[in-house]
Amino acid sequence: MSVISVSHPLVKHKLGMLRNIETNSKDFRELITELTTFLTYEATKDWELEDATVPGWEGKPVYVQRMAGIDPSIVPIFRAGIGMQEGFMQVIPTAKISYIGYYRDAETLQPKLYYAKLAADISRRKIYVLDPMLATGGTTSAVCRLLKKEGCKNIRVLCILAAPEGLEKMAADHPDVDIMPAVVDSHLNDKGYIVPGLGDAGDRLFGTK
Ligand code: URA
């Protein structure tokens with residue numbers, strides 16, 4: 001598994017604004033969108049190109065290159081992953097969107113699937129799982145397991161913050177899946193929140209609580 005962090009001064013600047021608890025929901029959503037565009041450029045930079053020709057301004061064919069293969073699918077994980085959808089779609093507007101939702105079972109504490117609507121031909125697509133917070137990694141690991149059962153072979157996870165605990169779980173469960181966080185934070189607290197973190201990403205995105 002590779003962990004590929006995006007190192008850019010603007011990313012660091014925007015992360016600082018996200019961590020500020022005085023940043024309101026509107027600005028928080030815009031920052032998540034902007035950071036996701038950076039992650040998307042990084043996550044797609046090894047994409048294969050194919051040769052093509054287009055009619056040029058001189059009336060002659062001009063050699064160009066274009067992205068090869070079938071459109072990718074993003075997989076925003078409910079709920080906070082939806083906050084990253086817009087940023088990805090600004091960069092790759094033809095991506096398909098597959099939603100997946102899990103809740104944590106109160107007794108077993110294991111993730112339980114409650115919603116999945118996947119793009120057609122999902123097994124042939126590059127998959128970009130979106131979840132701003134890779135905390136314990138339990139849900140993200142379950143999502144990757146489900147996608148692999150559907151035949152997906154090319155999966156990347158884009159997140160804004162990752163905890164070392166979540167990265168370790170992903171490395172153990174899915175060594176073939178690359179993780180692309182904007183930053184890796186220090187640790188999880190006893191309630192499973194990332195420290196220093198930014199709080200509950202879903203609540204801050206959607207203005208709940
Ligand atoms: N989910 C969040 O929204 N925040 C955390 O810190 C951990 C998980």
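Everything numeric in this text was worked out from a predicted model, so none of it was measured.
Looking at heavy atoms from C-beta onward, Met84 lies out of side-chain contact with Pro76 at the 4.5 angstrom threshold. The closest side-chain heavy-atom distance from Leu147 to Val129 is below 4.5 Å. Between Gln65 and Asp51, the closest side-chain pair of non-hydrogen atoms falls below 4.5 Å. The shortest side-chain heavy-atom distance between Leu205 and Arg79 does not fall under the 4.5 Å cut-off. Side-chain contact between Val157 and Asp131 is absent, with no heavy-atom pair separated by less than 4.5 Å. When side chains are defined from C-beta on, Thr44 counts as touching Tyr128, because their heavy atoms get closer than 4.5 Å. Using a 4.5 Å heavy-atom cutoff, the side chains of Met133 and Cys159 are not in contact. Using a 4.5 Å heavy-atom cutoff, the side chains of Asp173 and Cys144 are not in contact.
Without hydrogens or angle criteria, Lys153 side chain to Gly151 main chain gives a donor-acceptor distance under 3.5 Å. No donor-acceptor distance shorter than 3.5 angstrom exists from the side chain of Thr36 to the backbone of Gly87, with no hydrogens or angles considered. A donor-acceptor pair is defined here as one N or O able to donate and one able to accept, closer than 3.5 Å; such a pair exists between the side chain of Arg156 and the backbone of Ala43. Listed for the Asp200 side chain is a donor-acceptor partner under 3.5 Å among the backbone atoms of Asp203.
Of all heavy-atom pairs spanning Lys96 and Ala119, the tightest one is CB-CB, 3.7 Å. When all heavy atoms are compared, the tightest approach of His174 to Arg145 is CE1-N, 3.6 Å. Contact between Asp71 and Arg125 at its shortest, heavy atoms only, is O-NH1, 2.8 Å. Between Thr23 and Arg204, the shortest heavy-atom contact is O-NH2, 3.2 Å. When all heavy atoms are compared, the tightest approach of Gly83 to Ile32 is O-CG2, 3.3 Å. Between Ala68 and Leu49 the shortest heavy-atom distance is CB-C, 4.1 Å.
In this structure, Phe78 and Tyr99 have parallel ring planes: the angle between them is below the 30° cut-off, well short of the 60° mark.
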**Request:** Could you go through the side-chain contact (heavy atoms from CB on, under 4.5 Å) check for Ser2 and Met180 one step at a time?
**Result:** CA-CA 8 Å; Ser2 312; Met180 312 194 84; over 6 Å; no
**Message:** Quick one, Ile127 with Glu150, criterion side-chain contact (heavy atoms from CB on, under 4.5 Å). Give me CA distance, side-chain angles, the key distance, then yes/no.
**Reply:** CA-CA 12 Å; Ile127 303 294; Glu150 294 293 325; over 6 Å; no
**Request:** Start with the C-alpha distance between Arg19 and Leu161, add both sets of side-chain angles, then the distance that settles side-chain contact (heavy atoms from CB on, under 4.5 Å), and finish with yes or no.
**Result:** CA-CA 11 Å; Arg19 292 189 197 279; Leu161 265 58; 3.8 Å; yes
**Request:** List the steps, then state whether side-chain contact (heavy atoms from CB on, under 4.5 Å) holds for Glu165 with Thr136.
**Result:** CA-CA 6 Å; Glu165 293 87 335; Thr136 62; over 6 Å; no
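Following chains of ILVMFWY side-chain contacts shorter than 4.5 Å, one can reach Ile194 starting from Leu35, so the two form part of one hydrophobic cluster. Linking Ile, Leu, Val, Met, Phe, Trp and Tyr whenever their side-chain heavy atoms come within less than 4.5 Å leaves Val75 and Ile70 in two separate clusters. Follow the hydrophobic side-chain contacts under 4.5 Å out from Leu18 and you never reach Tyr193; the two are in separate clusters. Cluster annotation: Ile92 is connected to Leu130 through the hydrophobic network of ILVMFWY side chains, with a link wherever side-chain heavy atoms come within less than 4.5 Å. There is a path of hydrophobic side-chain contacts, each under 4.5 Å, that joins Leu167 to Ile155.
Of the options Gln90, Lys14, Arg29, a side-chain hydrogen bond (donor to acceptor under 3.5 Å, both in side chains) to Glu34 is made by Lys14 and by none of the others. Of the listed residues (Val183, Leu15, Val6), just one forms a side-chain contact (heavy atoms from CB on, under 4.5 Å) with Ile160, and that residue is Leu15.
Around the CE atom of Met17, the shell of radius 6.0 Å holds no more than 12 heavy atoms that belong to other residues, nucleotides or ligands.
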